[in-house]
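One structure is given below, encoded as structure tokens.
The model shown is predicted, which means the values in this text are computed figures rather than measured ones.
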Amino acid sequence: MAADTNKTRRIGDVAVSAIGLGAMPMSIEGRPDEDRSIATIHAALDAGITLIDTADAYHLTATDDGHNESLIAKALASYGGDTSDVLVATKGGHLRPGDGSWTLDGSPKYIAAAAEASLKRLGVEAIGLYQFHRPDPKTPYEDSVGAIRDLLDAGKIRMAGISNANPAQIKQAQEILGGRLVSVQNQFSPAFRSSEPELELCDELGIAFLPWSPLGGITRAGDLGAKHPAFHTLAEELGVSPQRLTLAWMLAKSPYVIPIPGSSRPETIRDSYAAVDLELTADQVALLDAA
């Protein structure tokens, strides 16, 4: 896998935009009304984004399971342009009982059922990219990833990924999947850099690395510049937002990095996507690496 340009990266054999849309903020606490969410997804598509990340657990109450998947399906169906090149990546293995908590179920039985439900909500014959959401201490990791392999073998999903994994789990998943692991989605941001080893391993193996919460999370993204002075200073020098600079920094770290910033407003996802046009020098990247 290699990058085509700074605007395009690859997940498996699929070319996608170098910046994706993380759709979670449109469905959990503080979510906007549906019209604004659909406008945000349409703005992302208009900008050139062809990767949308979701999960069956992105919902608010105990009765609106899969809210985010259904929202994305509705937005794609109502978009006026061609969406055939859009890759929707979803996940299974997390649950939200409706009390604000996040629980886990990595059992093969649950993952198989969750994937079937996601298929129906997304309205597709095969899910473009299906990711095991988070390791479940109650289930052996090989059993959970084995369920993803079975979905791949059955043609229920086109590509397989994992999320919230450490280097050993990445290698294990690659073995279980017979070399067909295409992506790893881990938290990574200026404030959360402990997943550098996973990023470096993905670069070495040629696997896409998808940073989630790349700007620090829903409630903290706006304070990124204030909390990280080096990013604020350089962003001012370049005449861009600290958020756009952060995404450009991530893109410069490896041709396998595809950030998926969360957004629920058209203007924020447009600003995020503009990072593909911001090329940093080696010295600038080194400055931010050390910040």
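- Using modelled atom types and a 3.5 Å distance limit, the side chains of Tyr79 and Asp46 yield a donor-acceptor pair.
- For the residue pair Asp53 and Gln185, a side-chain donor N or O sits within less than 3.5 Å of a side-chain acceptor on the partner.
- Aromatic ring pairs are classed by plane angle as parallel below 30°, tilted from 30° to 60° and perpendicular above 60°; the pair His94 and His133 is perpendicular.
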**Prompt:** Can you list the steps and then say if Arg244 with Ser272 is a side chain to side chain donor-acceptor pair (under 3.5 Å)?
**Reply:** CA-CA 5 Å; Arg244 190 186 305 185; Ser272 290; over 6 Å; no

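- Inter-residue side-chain proximity for Val240 and Leu278 is flagged as met; some heavy-atom pair is nearer than 4.5 Å.
- Contact of the Tyr58 side chain with the Pro25 side chain is not registered, since no non-hydrogen atoms from C-beta on lie closer than 4.5 Å.
- The minimum heavy-atom distance linking Trp212 with Arg134 is given by the pair CZ2-NH2, 3.9 Å.
- Closest approach of Ala275 to Leu247, counting heavy atoms only: CB-CB, 3.6 Å.
- With contacts defined as side-chain heavy-atom distances shorter than 4.5 Å, the pair Leu245/Leu280 qualifies.
- Although no hydrogens or angles enter the test, the distance criterion places a donor-acceptor pair under 3.5 Å between the side chain of Gln131 and the main chain of Thr90.
- Side-chain contact between Ser189 and Ser213 is absent, with no heavy-atom pair separated by less than 4.5 Å.
- Nearest heavy atom pair, residue Tyr130 against residue Ala115, reads OH-N, 3.5 Å.
- Arg193 and Pro190 get closest at one heavy-atom pair: NE-O, 3.0 Å.
- A distance of 6.5 Å separates CG in Leu51 from CG in Leu210, rounded to the nearest 0.5 Å.
- At least one donor-acceptor pair under 3.5 Å links the side chain of Asn186 to the backbone N or O of Asn164.
- For an aromatic pair to be called close, the ring centres must be under 6.0 Å apart, and His59 with His67 fails this.
- Side chains of Thr246 and Ser241 form no contact here, defined as non-hydrogen atoms less than 4.5 Å apart.
- To the nearest 0.5 angstrom, Asp85 atom CG is 9.0 Å from Ser17 atom OG.
- With rounding to the nearest 0.5 Å, the separation of CE in Met24 from CG in Asn68 is 9.0 Å.
- In the hydrophobic clustering of ILVMFWY residues, with side-chain heavy atoms under 4.5 Å counting as a link, Val285 and Leu288 come out together.
- Shortest non-hydrogen contact noted between His232 and Pro242 is CA-CG, 4.5 Å.
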**Steps toward side chain to side chain contact (heavy atoms under 4.5 Å, CB included) verdict (Ile111, Leu151)** = CA-CA 9 Å; Ile111 290 174; Leu151 291 169; 4.0 Å; yes

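- Thr40 places a side-chain N or O within 3.5 Å of a backbone atom of Arg265 that can act as its donor or acceptor partner.
- A side-chain donor-acceptor contact under 3.5 Å links Gln174 to the backbone of Leu181.
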**Request:** I would like to know whether Ser78 and His42 meet side chain to side chain contact (heavy atoms under 4.5 Å, CB included); could you show each step before the answer?
**Result:** CA-CA 9 Å; Ser78 63; His42 288 176; 3.3 Å; yes

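- With hydrogens and angles left out, the side-chain atoms of Asp203 and Ser254 include a donor and acceptor closer than 3.5 Å.
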**Message:** One pair to check against side chain to side chain contact (heavy atoms under 4.5 Å, CB included): Ile19 and Leu251. What are the steps and the verdict?
**Reply:** CA-CA 9 Å; Ile19 299 288; Leu251 292 176; 4.0 Å; yes

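- In terms of modelled atom types and a separation under 3.5 Å, the side chain of Ser107 and the main chain of Tyr110 share a donor-acceptor contact.
- With hydrogens and angles disregarded, no donor-acceptor distance shorter than 3.5 Å links the side chain of Asp223 to the backbone of Ala226.
- Of the candidates Thr54, Ile38, Leu21, Met26 forms a side chain to side chain contact (heavy atoms under 4.5 Å, CB included) with just one, namely Leu21.
- Of the possible polar contacts, none joining the Glu236 side chain to the Thr233 backbone as a donor-acceptor pair under 3.5 Å is found.
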**Asked** Step by step, would you call Lys91 with Phe132 a side chain to side chain contact (heavy atoms under 4.5 Å, CB included)?
**Response** CA-CA 6 Å; Lys91 299 180 284 292; Phe132 177 43; over 6 Å; no

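- Atom SG of residue Cys202 and atom CD1 of residue Ile207 lie 5.5 Å apart, to the nearest 0.5 angstrom.
- With a 4.5 Å cut-off on side-chain heavy atoms, Leu76 and Leu45 count as touching.
- Checking Thr281 against Asp283 by side-chain atom types alone, no donor-acceptor pair falls below 3.5 Å.
- We find that Lys253 and Glu196 are joined by a salt bridge, their nearest charged nitrogen and carboxylate oxygen being less than 4.0 Å apart.
- The two residues Gly161 and Leu129 have their closest heavy-atom pair at N-CD1, 3.8 Å.
- Contact of the Val16 side chain with the Ile49 side chain is not registered, since no non-hydrogen atoms from C-beta on lie closer than 4.5 Å.
- Put simply, CD on Gln172 and CD1 on Ile162 are 9.0 Å apart, with the number rounded to the nearest 0.5 Å.
- Looking only at side-chain heavy atoms (C-beta outward), Ile127 and Lys156 stay at 4.5 Å or farther from each other.
- Around atom CD of Glu279, no more than 12 heavy atoms belonging to other residues, nucleotides or ligands sit under 6.0 Å away.
- By the 6.0 Å contact criterion, CD on Glu125 is open, its count of non-hydrogen atoms from other residues, nucleotides or ligands being 12 or less.
- Within a 6.0 Å sphere centred on NZ of Lys138, heavy atoms belonging to other residues, nucleotides or ligands number more than 12.
- In this structure, CG in Leu95 is found 6.0 Å from CG in Asp105, a value given to the nearest 0.5 Å.
- The salt bridge (charged side-chain N to carboxylate O under 4.0 Å, His left out) test with Asp64 is passed by exactly one of Arg31, Arg121, Arg96: Arg31.
- Hydrophobic clustering keeps Leu199 apart from Phe192 (ILVMFWY residues linked when any side-chain heavy atoms are closer than 4.5 Å, directly or through intermediates).
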